[in-house]
Every structure is written in C-alpha cells, then in structure tokens.
Amino acid sequence: VNFMGYRRRNGSVGTRNHVLVFPTVICASSVADMISRAVPGTVSVTHPHGCGHLGKEKEHIIKTMAGFCSHPNVAGVLLVGLGCELITPELIAGEIAKTGQRFEILSIQAEGGTNATVEKGKVLAAGLLEEAAAAGREPVDISELIIGTNCGGSDTLSGLTANPAVGVAADILVTEGGTVLLTETPEMIGAEDALGRRVADEGIEKRIREITSATEALAKRAGVDIRTSEPSPGNKEGGLTTLEEKSLGAVLKGGTSTVRQVVDYAEKPAEKGLIIMDGPAHDAVSNTGMIASGAQVIVFTTGRGTPLGAPIAPVIKVSSNSGIYRRMKDNIDINAGDILDGEASIKTIGERIFGEIIEVASGKLTKAEMLGHNEFAIHSLGLSV
Amino acid sequence: VSLSALVLHKNDNVATAVRPLESGDSIDVEVADCAVKIVLLQSIPFGHKFALRDIGRGERIIKYGETIGQATASIKKGEHVHLHNVEGLRGRGDRP
C-alpha cells in the first residue's frame, strides 16, 4: 500500500509541506506569531518554554523542539529567539542541522526590536515558502508512515466503538509495515497484563510496568489518590467504574499487534510496528510528543467532542457516538457511533479509518486543518525555575 | 437494528448497556457468538454495566477479558455493576 508523500533530502517522508515559524523561547512568541500572520501559508506555535529549565528538563525540551522543527512535515523552519535565553535558535539549529533540515535563525535583541525582527522575518519566511513550493508528492510505501493514536474527552463508549475501530486500523497499518504510537501512560495503569502478553521481548514488558508504576508513584508523592481524577467524575457518571476499566478501553486504540519498543516522550522509535511512547494523558501534550517522535498523522478518538488539532500534522477525529458527531460535525471526521446504531461493524469502521489515514497522509485536509486548529504544548517535567 | 448491550470478550462477567435499560427488561446479549438472555433486576443507565452471572464478594470483575476491579458485595445476575459494588485494585492512593 502506498500513499503520496513528500520525500525529504534525508530520506524521511512528510504528509504535509509546512513552513514553520518557531519561537525557541516564550519571549519570541508574539514576534513569531506576527511573522506567521504576515506571511500566509506559514504556521506558528506559542509555548511557555525556552528559559529556566534545569538538567534533564532542558534536554527534554530541546529534544522535543528539535524533533518538532526537523519533522518531515516541515519543509523549512524559521527559528526566532530573543538573545539572552537558555534555548536559543542557534542551539535548536545545531540539533536540526544533523537531520539536514532547512532553517533560518533570527533574534530580537540582535535585530533591534519587534518591528525590525518582523520585517526581516517576513523576508526569510517568504524565502522558505518559495523553496517549499518546489517540493512535490510522490508514491511512498506505507512502511514510511507513523501514526500517533490519542483520545480525549472520552466517554464510556470510546472503549466500545471508536477505540477498537482505531485498533483495527492500527492493526492493518502494522500488517502493511507501518508504525503506530500508543501513549498516555496514566491510561495504561491496569492494562499491563493485556499489553505485556504481546511484547517482542521481556524487557519491554518490564519497561511497561516501570512507566505505569512511576505514574502511580508520582500521584502518591503528590499526596493525591489518582482515583479521584481517574476515571474523571464525568467518566464515572457515564458508567466507567475503575482506572483499570478506563485504561483497558484506552489501549484498544493501539490494536492487537506485538509491542516492539517503549520510547520516551518525543524519542524517535528505532523499530517499526506498535510502539509505546511514555507520556502524560494531556491531549495537546501527547500529540506534540508523538509528532516530535515522528508521527506524520494523528488519529484521535472522542466521546464528548473536542476541536483539537496540531500545527504541523493532520489530526483525524473519530467520534464514539452519533450524537456528538451530529452536534460537532465541523470537528469530527469519522463517526464510529454507527457501530451502536447497528449500521456498521467495528471492522468496517476500522477499515474506513485506515482508508482515511491513507487519504489524509496523501493530502486530504482534516476538519481540524480546515478550521485552523494548531494546539501545541510540550510536556514539562517540573524542573524549571 | 439498535443494540441493547455489548459484551466484549467471552470471559467477561459484565455487559455494557448502549441504551438506557429498564428493570425487568429481558436483554439479549451476544457472548462469544452465543445469544444469552438476561433479565435486569435494576434499571441500567446508558453506558453502565450489569452482571451476566452471579458474582461473589471479592470475585474479579472481567471486561475486555481483563480484570477491571473486584466485587465489594455479592452481585446477582442482572444487577447494576458500578462504584457501589466494585473497587479498583490499581492506583490505590488510600493504601501505603
């Protein structure tokens, strides 16, 4: 199975051809946004990071920013900084240069203020756009595709319709040689046996138990009972009884294939097939991490409905019930609620999702893209001062 | 045809209502391709669970073929299964 992708100089493949204007520090966020607004066709993000990070957190933020900026969905990136920050454009440029990524850098203090930086940024961004326009799509084998799976605003039906249907699509993709990321470690607590029974080696099972234990320990250290928020009050009202039940419904998104590797947040998998990425359950944070890990398309299930998108990767939204699909039709791409209406089987919807993944990877816009949803958030390890 | 309840794995001892169900309703569910009839002892809200067989206190509650918790009271076939008679075994912030 092929899709139509953009082959980059380093051999990686993009499903989009974005020019990204990226602030490496919050102080450059507005300037990056001004440049992006002035040059239609570019995309920008805002975030609160770039300064005051200690040790491991610094490395973690750099890895995430570098993974995002060197992503194959990005044809070129304009890195914008202030000048006195910890994470400078030069630092990120040094990282992404290793991947052969096309970049330009700009600092507000060196340029002499907002207006001068925006003026120069407009010229640089327009230049990157012109270069990007020369890239074209070509047939690419599906083994080059990494999809990220996610769920948010879940309801009790998510684990019955949308998640198992995405699991069917995930299994097809893995069978065809592609890669699927499963994340949201808090929603793996209680699903270790289900996941641990199908691992490539014992070390992976051990690692799965380590990351869920670490999440349980984190809640305990904070002096909270994780069960007061997981399942959430809304989840419980909807019929979800325990953390385990929520987790077992959530991990269905990854399908039923063998777990090949467990990677850290924003770490690139060395294997193909089903990969677990350790990370939090925050929707935008997990999307950002999976994209930084290399996911070129995200598939996102929802029961209560969410508009969430991502700045450089398409997000395909799958609803668990027909009611929310009808109410939020401008946000949702595929309705798995048909399963309950007796109109389609899980397998049929799963195959439909797989078809949609190929079309979206080949250029079809998702609802989130049409509406301009660009939510972006980096996981914080809590080591910033 | 609209479904009433779903059973996800042959080992499950609970089913999930996919529309609101009334006490006294006789519900057809499919367990491992076999049709099973359950008479509900209580009303079951949309998305909530009921027992497919009698479950003893301390017995595991099985959904997706996996343990989702254990019964804190004995539960009769057709009874509502939720927070009042089930406790999770993980993330126990109340235990050292």
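Each chain gets a letter, A, B and so on, in the order its sequence line appears, and its residues count up from 1.
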Open item on the list: Would you say that more than 12 heavy atoms from the other residues, nucleotides or ligands in this model lie under 6.0 Å from the CD of Glu210(A), or not?
Closed with: yes

TODO: Apply the test salt bridge (Lys or Arg N to Asp or Glu O under 4.0 Å) to residues Asp28(B) and Lys37(B): give CA-CA distance (whole Å), side-chain angles for both, the deciding distance (0.1 Å), then the verdict.
DONE: CA-CA 5 Å; Asp28(B) 293 310; Lys37(B) 211 176 262 302; 2.9 Å; yes

Open item on the list: Taking the basic N atoms (NZ, or NE/NH1/NH2) and the acidic carboxylate oxygens, is any pair closer than 4.0 Å for Asp333(A) and Arg352(A)?
Closed with: no

Open item on the list: Taking atom CZ as the centre, does Arg209(A) end up with more than 12 heavy-atom neighbours from other residues, nucleotides or ligands that are less than 6.0 angstrom away?
Closed with: yes

Open item on the list: Under 4.5 Å from any heavy atom of chain B, what part of Glu216(A) do you find: side chain, backbone, both or neither?
Closed with: side chain

Task: Contact origin within Thr215(A) toward chain B - heavy atom pairs under 4.5 Å - done: neither

Open item on the list: So for Leu248(A), is it side chain, backbone, both, or neither that comes closer than 4.5 Å to the heavy atoms of chain B?
Closed with: both

Open item on the list: Could you check whether Arg19(B) and Ser4(B), counting side-chain N and O atoms only, form a donor-acceptor pair closer than 3.5 Å?
Closed with: yes

- [ ] Would you mind checking which part of Thr241(A) comes under 4.5 Å of any heavy atom in chain B, side chain (CB onward), backbone (N, CA, C, O), both or neither?
- [x] both

Task: Residue pair Ile324(A) / Thr302(A), side-chain heavy-atom distance below 4.5 Å - done: no

TODO: Assess whether atom CZ of Arg197(A) is packed by more than 12 heavy atoms of other residues, nucleotides or ligands within 6.0 Å.
DONE: yes

Open item on the list: Less than 4.5 Å to any heavy atom of chain B: does that hold for the side chain of Ile339(A), its backbone, both, or neither?
Closed with: backbone

Task: Sole candidate of Val31(B), Ile68(B), Ile62(B) that passes side chain to side chain contact (heavy atoms under 4.5 Å, CB included) when paired with Asp12(B) - done: Ile62(B)

Open item on the list: Quick one about Asn163(A) and Ser158(A) (side-chain donor to acceptor, distance below 3.5 Å, no hydrogens or angles considered), yes or no?
Closed with: no

Task: Contacting region of Leu89(B) [heavy-atom separation from chain A under 4.5 Å] - done: both

- [ ] Counting only heavy atoms closer than 4.5 Å, note whether Ala194(A) contacts chain B via side chain, backbone, both or neither.
- [x] both

Open item on the list: Please identify, among Lys49(B), Glu87(B), Lys63(B), the residue contributing the most non-hydrogen atom pairs under 4.5 Å to chain A.
Closed with: Lys49(B)

Task: Any residue of residues 78-85 of chain B which, by heavy atoms, sits under 4.5 Å from chain A - done: Val81(B), His82(B), Leu83(B)

Task: Closest contact, heavy atoms only, Phe50(B) versus Ile44(B) - done: CB-CD1, 3.8 Å

